[in-house]
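For clarity, every value in this text was computed on a predicted model and none was experimentally measured. Note on naming: letters A, B, ... go to the chains in the order of the sequence lines (proteins, then strands), and numbering restarts at 1 for each one. The analysis underlying the following values was restricted to heavy atoms, covering all of them including side chains, and did not include hydrogens, waters or symmetry mates.
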Amino acid sequence: MLKILRYSFSDISRSQWSYFYFAFYFIIGFTLLFLSSDVSKAVITLVNIILVLSPLIGTVFGVIYFYNSKEFTQLLLAKPIKRSTIFIGQYLGLSLSLSFSFVLGLGFPFLFYGIFRSPAIGDFFSLLISGVFLTFIFTALAFNIALSNENKIKGFAAAILLWLLLAVIYDGLFLISLMVFNEYPLEKVSLIATALNPIDLSRILVLLKLDISALLGYTGAVFQKFFGGGLGMLISIFILMLWTVLPILRIMQKIEKRIFNE
Amino acid sequence: MRFYYFLLVIVILPLYTSGFIAAKSRNVCSLCEYKTIKAAIKHADSGDEIILHNEVFTENNIVIKKSLTLRGEKGAVIDANNKGTILLIKADNVKIENLIFRNVGYSNIKDYVAILVYKSNNFTIKNNYFEKVLSGIKVEKSKYGFIESNQIFSGDQEQHAIGSGINAWDCAYLIIKNNNIYGMRDGIYFEFVKDSLIENNNAYNNYRYGLHFMFSNNNAYIKNKFYKNGAGVAVMFSKFITMENNVFSENWGTASYGLLLKEIYDAEIINNAFLENTIAIHVEGSTRVNYIDNYFKSNGWAIKVAGACYKNIIKKNNFSGNAFDLSYHSNINDNEFDNNYWSDYTGYDLNKDGVGDVPYRPVKLFSYLVSKNPEAIILLRSLFVDIVNFSEKVSPIFTPDNIIDKNPAMREHE
């Protein structure tokens, strides 16, 4: 598996897309820090960008990579290698290289502007961790979609739709339900609804660490009480892990039944 | 010669009759005529000056019933040794200057303060230093007082026991100037006080409010700085208050605001700066209030209206980089927004007269939704919210369409 992982990793690392991805975060990081030179403010601005972009890139890259490396996969399948080894190796190679681009792209500018001497270092790390988690989750979801759809166009559309669902539509439905059930106490419901969506969960985890959490008021206090405690942190990490592991398990289950012949 | 007699009569006589010449200085120290402040006061006549030498006097419950001046040499300390109120002023024309008040103590039954002024006119409390006091200065039923250039802080006391820095109750014509108040419950607390001026004070790190008004009409507070207070500044149930040139900053927390207005009529809020507060101005019931030339920067909410606000004028303010410029609950609007600068304004100015050609709607859809159901705030900074805000900006459907600034400024006002 390590061999395949290493191969996928170096394959993607050599492709221009991962350089683009790296350069994008690198430039964004430097520009933000150059404009505000306040590390914690730059972190706030980055929350929006990262929470939208890293799932999107994870999804799109995941689908594209899966379809593009079809021939190589078929070649490997002919060899006496376990199927799960092949696919998990590819998956890890892709998500690791995306995460590297992301972490290094943001890490360099912040390192340069002295993140280690700044009190915002905790916020920055939680931002990086959420970004990496989101990359892993959405790449796994993308692999699932690609596995289930023979047709490239269909797969691509489904992947974009999935991203749209979790990044945008989910929040919309959430907001509408909050308005419809206005009369009821909604703190617990919104707590659960937030925890179930990885993007919302990461957003809240990062926001609660920032000064801006004071804006969340009473609802924020309920969230702070839950996520601020050790148990809440453990639960949210567990949920993120679950979001990563469940799609991977489904990949393993699916590849055993799939026939890769054409 | 006659001229000199004349001069003598003109100059000396009035001085004598006014008691200037008769006024005696009485020194208090361990080697002086008087060993204690109480003894000096007992023997003093009205108009005398009592000078405390550079020593620590362990006394409390000193009652002044004559018009005296109590002045300290540099380093003179009155230490109550945690036994109770230090100074009780019950006469007119009393001056307290250059003293250090220390260790007032705490009681569950009585309110101990460093200086209690009761039914006194023309008092002056100047250049004093209050440390480890639970309450600094309390003024009751008095008029024409000066409280100037004092430093008041609580020290390491237990939070529940701490009282106000300066507390005035049922007073009029007070001038409170150049004081520094920190670590108290309320910096300055006015109850039933009228025609008074609060100028150039610093109130910071107080547990509750930097400044607190209750039922106090016709007052002005100008050029003060209020920062890092537990909840900010509260002005409640008062009429005709002038708030000018103050700075409200860094009142940050889930229940903090720069300025809380509750049931305020006919006030002027002019030229203040609100920087980095969770809520810069929280309004619950304000009528005929003018908000002019204020500067709102980097606040969570610039103005959050909870309800019942009529005939207010919001004009020529700068709203710069706030998460929400305005939160407004109801659909009825009787307030006027005119010529403000909004940093979120994206309109254009074709004739280059500095006024945007497209009206600005300061209430964003999300801020409107949050004011309707507060739980929705949890979607703050979600992509969905940005999209919805944008579409609402393009074609407003939900947000109250009469809250509108028809002449938004293109540049920040000076």
Side-chain angles (χ1 to χ4, degrees), chain A residues 36 38 41 44-53 55-56 163-191 193-195 197 199-200 203-204 206-208 210-224, chain B residues 228-232 249-258 275-280 282 297-302 304 306 320-325 327 329 343 364-392 397-398:
Chain A
S36 75
D38 181 349
K41 272 187 189 144
I44 295 179
T45 316
L46 275 175
V47 174
N48 271 23
I49 299 175
I50 287 171
L51 293 183
V52 172
L53 217 63
L56 181 64
W163 171 80
L164 209 61
L165 187 75
L166 288 175
V168 183
I169 298 169
Y170 187 90
D171 287 354
L173 294 174
F174 184 11
L175 187 63
I176 289 168
S177 60
L178 283 182
M179 287 168 71
V180 171
F181 300 105
N182 201 355
E183 315 275 294
Y184 301 88
L186 291 167
E187 284 83 32
K188 284 214 173 108
V189 179
S190 51
L191 198 71
T194 310
N197 182 342
I199 298 181
D200 278 342
R203 183 170 50 82
I204 289 300
V206 178
L207 280 192
L208 284 180
L210 300 171
D211 273 352
I212 203 170
S213 64
L215 294 189
L216 303 181
Y218 170 68
T219 320
V222 174
F223 275 65
Q224 189 82 61
Chain B
K228 291 188 178 168
N229 294 303
S249 63
E250 295 164 85
N251 299 296
W252 195 265
T254 44
S256 289
Y257 30 76
L275 315 167
E276 293 179 42
N277 306 291
T278 315
I279 302 170
H282 185 100
K297 190 177 191 305
S298 306
N299 302 291
W301 280 268
K304 191 171 186 181
S320 176
N322 305 300
F324 302 99
D325 288 331
S327 160
H329 201 73
S343 61
K364 288 182 195 161
L365 177 56
F366 183 53
S367 124
Y368 177 74
L369 291 177
V370 166
S371 70
K372 293 250 167 194
N373 21 344
E375 289 89 3
I377 188 72
I378 219 65
L379 293 170
L380 181 76
R381 300 207 152 249
S382 148
L383 178 63
F384 176 74
V385 164
D386 292 341
I387 294 172
V388 160
N389 272 344
F390 178 74
S391 64
E392 178 73 10
I397 300 164
F398 299 101

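- Going from atom CG of A:D171 over to atom CZ of A:F174 covers 7.5 Å, rounded to the nearest 0.5 Å.
- Of the atoms belonging to A:V52, it is side-chain heavy atoms, and not backbone ones, that fall under 4.5 Å from chain B.
- Going from atom CG of B:N277 over to atom CG of B:N251 covers 4.5 Å, rounded to the nearest 0.5 Å.
- Remark: B:K304 NZ to B:N299 CG distance equals 13.0 Å, nearest 0.5 Å.
- Contact count versus chain B (heavy atoms, under 4.5 Å) is highest, among A:I169, A:L175, A:V222, for A:L175.
- Contacts between A:I199 and chain B at a heavy-atom distance below 4.5 Å are absent for every atom of the residue.
- The candidate from B:L369, B:V370, B:L379, B:T254 with the greatest count of non-hydrogen atom pairs under 4.5 Å with chain A is B:L379.
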> Going through the distances and angles, do A:F181 and A:L186 end up as a side chain to side chain contact (heavy atoms under 4.5 Å, CB included)?
Replying inline: CA-CA 8 Å; A:F181 300 105; A:L186 291 167; 4.1 Å; yes
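- Residue B:A323 touches chain A through its side chain alone, counting heavy-atom pairs closer than 4.5 Å.
- Rounded to the nearest 0.5 angstrom, A:L178 CG and B:E375 CD are separated by 6.5 Å.
- In this structure, chain A has no heavy atom under 4.5 Å from any part of B:I279.
- Contacts between A:Y170 and chain B at a heavy-atom distance below 4.5 Å are absent for every atom of the residue.
- By the 30° and 60° cut-offs, the orientation of the rings of B:Y257 relative to B:H282 is tilted.
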